[in-house]
Number of protein chains: 2
Amino acid sequence: MRLTTKGRFAVTAMIDVAMHGTNGPVTLAAVSERQRISLSYLEQLFGKLRRSGLVASVRGPGGGYHLARAAAQLSVAQIIVAVDEPIDATQCGGLENCRDDRRCMTHDLWAGLNSHIFSFLSGVTLAQLVAQQEQAAIHAALHEVRHVPAGTTPCKVPVTVAV
Amino acid sequence: MRLTTKGRFAVTAMIDVAMHGTNGPVTLAAVSERQRISLSYLEQLFGKLRRSGLVASVRGPGGGYHLARAAAQLSVAQIIVAVDEPIDATQCGGLENCRDDRRCMTHDLWAGLNSHIFSFLSGVTLAQLVAQQEQAAIHAALHEVRHVPAGTTPCKVPVTVAV
DNA sequence: GTTTAGTTGACTAAATTGTTCGGGTATACG
DNA sequence: CGTATACCCGAACAATTTAGTCAACTAAAC
């Protein structure tokens, strides 16, 4: 379970597909323009997402991608695992040759912490993130123009997710 | 909040310091040998950990590093933040120039998910991980030699952490 | 004053990230 | 048909990060 910008881009794109896929498939070109992610990068990511069975593709004109399951059945963990192939942080990559000390503790340790983070992100579904996003959009519409004072970093504002 | 092998190495090393620091400071050379992490890499990591106030150093013979606080007061989140300098996954790095769409949804989205992962990892303390590790050591000692059948991947065994 | 061990900086090979290019193939539509 | 659309695929690429090495320096114990 790694957590990099790659996985974040994938989740962002999946939310975009979930939000705009109410009538017909969503083209990657549209996602690319809306989310400002390069088209080819999206193609790479969605290739993995498709092979993992998270999305399905429709070819030809009018085609695009749509979720393979309901947004409530798709978790953040699944998306991240699909695109961010796991790399083990242990020295003895998968082998039991961790001698020297009784045995290297890295295994059990990260397996445990990993499973915790994993189960946490498994509990966050795409539907929840979409709902949060739509609520934020409504909130922004009510306030019309959001006045942001200069010199601040508006990206750091913590927003709570209902889980 | 990124989650890479770098942060994992740091947490592993911190657990080692916590477990072996009962009487006097722990040298990085000892950590390096036990955990099979390169000494110079550990020096880089502990430089950051020290500047973040998570560990304190003692120079000279008999010196080394020790925790700056009790293990129960040190969270995994603090360690990861200390070594894994944050990079924003947003296109408009901190600025509010996310035009085009109403506004790019990446901000609120990841700020929210971020804060969730962060608060989760803030709840996992070093003391808990040490306790888990010691319990695992006892368990291993009871079974004397752990028979691992060839062809399996013993690293993947999920171990639950009591949080 | 020698040894231990932290402190710092530069430098490196390898991997990852995100992008660009250049070609394919399936299909809707006229 | 043919053509435009949009998925597919792979190679190549600069920029960054990762993990490690090397070398020189400083503080303290003995």
Side-chain angles (χ1 to χ4, degrees), chain A residues 2-13 17 20-21 24-33 35-52 54-66 68 80 83-93 106, chain B residues 2-13 17 20-21 24-33 35-52 54-66 68 80 83-93 106:
Chain A
R2 247 185 330 174
L3 204 55
T4 67
T5 54
K6 196 174 186 177
R8 307 198 171 200
F9 279 139
V11 175
T12 303
V17 170
H20 294 89
V26 181
T27 69
L28 291 190
V31 177
S32 170
E33 193 175 346
Q35 304 302 332
R36 294 266 161 246
I37 307 172
S38 112
L39 179 58
S40 293
Y41 199 33
L42 281 176
E43 286 176 348
Q44 292 175 32
L45 296 179
F46 274 78
K48 294 184 175 186
L49 292 172
R50 183 176 54 83
R51 282 185 287 273
S52 295
L54 302 184
V55 296
S57 61
V58 178
R59 300 178 76 147
Y65 285 93
H66 60 87
I80 289 177
V83 299
D84 238 352
E85 60 268 19
I87 272 199
D88 56 331
T90 62
Q91 295 304 90
C92 47
T106 325
Chain B
R2 242 184 334 172
L3 205 55
T4 67
T5 55
K6 196 174 185 177
R8 308 199 170 200
F9 280 140
V11 175
T12 301
V17 171
H20 294 88
V26 181
T27 67
L28 291 190
V31 177
S32 171
E33 192 175 347
Q35 305 303 330
R36 295 262 163 248
I37 307 173
S38 113
L39 177 59
S40 294
Y41 198 33
L42 281 175
E43 286 173 349
Q44 292 176 29
L45 296 179
F46 274 78
K48 293 185 175 184
L49 292 171
R50 184 177 53 85
R51 282 187 286 274
S52 295
L54 301 185
V55 296
S57 61
V58 179
R59 302 176 74 147
Y65 285 94
H66 59 87
I80 290 177
V83 300
D84 237 354
E85 60 268 17
I87 271 202
D88 56 331
T90 61
Q91 295 304 90
C92 48
T106 325

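Reminder, nothing fancy here: chain letters follow the sequence lines and each chain counts from 1. The structure displayed is predicted, hence computed values, not measured ones.
The two residues B:Leu39 and B:Ala29 have their closest heavy-atom pair at CD1-N, 3.7 Å. Counting all heavy atoms, side chain and backbone alike, B:Val17 lies closest to B:Tyr65 at CG1-O, 3.9 Å.
Atom CZ of A:Phe46 is separated from atom C1' of D:dA6 by 14 Å (rounded to the nearest Å). The CG atom of B:Leu42 sits 11 Å away from the C1' atom of D:dA19 (whole-angstrom rounding). B:Lys48 has its NZ atom 12 Å from the C1' atom of D:dA19, to the nearest Å. Atom C1' of nucleotide D:dT17 and atom CZ of B:Phe9 are separated by 14 Å, given to the nearest angstrom. Remark: P of C:dG6 and NE2 of B:His66 are 11 Å apart, rounded to the nearest angstrom. Distance B:Leu28 CG to C:dT4 C1': 13 Å, rounded to the nearest Å. If you measure from atom CD of A:Gln35 to atom C1' of C:dT19, you get 18 Å, rounded to the nearest angstrom. Rounded to whole angstrom, the span from the CG atom of B:Leu39 across to the P atom of C:dT4 amounts to 14 Å.
When the nucleotides C:dT8, C:dT17, D:dC8 are ranked by their closest atom to the side chain of A:Lys6, C:dT17 comes out on top. Among D:dT18, C:dG6, C:dG18, the nucleotide with an atom closest to any side-chain atom of B:Ser57 is C:dG6. With C:dT19, C:dT8, C:dT17 as the choices, the nucleotide that has an atom nearest any side-chain atom of B:Arg51 turns out to be C:dT8. Among the nucleotides C:dT17, D:dC7, D:dA19, the one closest to any side-chain atom of A:Thr27 is D:dC7. Among the nucleotides C:dT16, C:dG18, C:dG6, the one closest to the side chain of A:Arg2 is C:dT16.
Note on A:Tyr65: a side-chain N or O is less than 4.0 Å away from OP1 or OP2 of D:dC8. In terms of phosphate contacts, A:Thr4 brings a side-chain nitrogen or oxygen within less than 4.0 Å of OP1 or OP2 of C:dT17. Side-chain N/O atoms of A:Arg50 include none lying less than 4.0 angstrom from OP1 or OP2 on D:dC7. The shortest distance between the side-chain N/O atoms of B:Tyr41 and the OP1/OP2 oxygens of D:dA19 is below 4.0 Å.
Atom CZ of A:Arg2 sits about 8.0 Å away from atom OG1 of B:Thr5, to the nearest 0.5 Å. Between A:Ser57 atom OG and A:Phe46 atom CZ the span is 11.0 Å, to the nearest 0.5 Å. Here the straight-line distance linking atom CD1 of B:Ile80 with atom OG1 of B:Thr4 works out to 8.0 Å at 0.5 Å rounding.
Within the 3.5 Å criterion, the main-chain N or O of B:Arg8 finds a donor-acceptor partner in the side chain of B:Thr12. A donor-acceptor distance shorter than 3.5 angstrom exists from the side chain of B:Ser32 to the backbone of B:Ile37, with no hydrogens or angles considered.
Note on B:Gly64: only backbone sugar-phosphate atoms sit closer than 4.0 angstrom, heavy atoms only; bases stay farther off. Across all strands, A:Val26 comes closer than 4.0 Å only to sugar-phosphate atoms, never to a base (heavy-atom distances).
On a pure distance criterion of 3.5 Å, no polar donor-acceptor pair joins the side chain of A:Gln44 and the base of C:dG18.
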For nucleotides 22-30 of chain C, read 5' to 3', which letter fits each nucleotide if B means a protein heavy atom sits under 4.0 Å from the base, S means only the sugar-phosphate is that close, and - means neither? --BBBBB--
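Judged as a side chain to side chain donor-acceptor pair (under 3.5 Å), and not counting sequence neighbours, B:Lys6 has no contacts.
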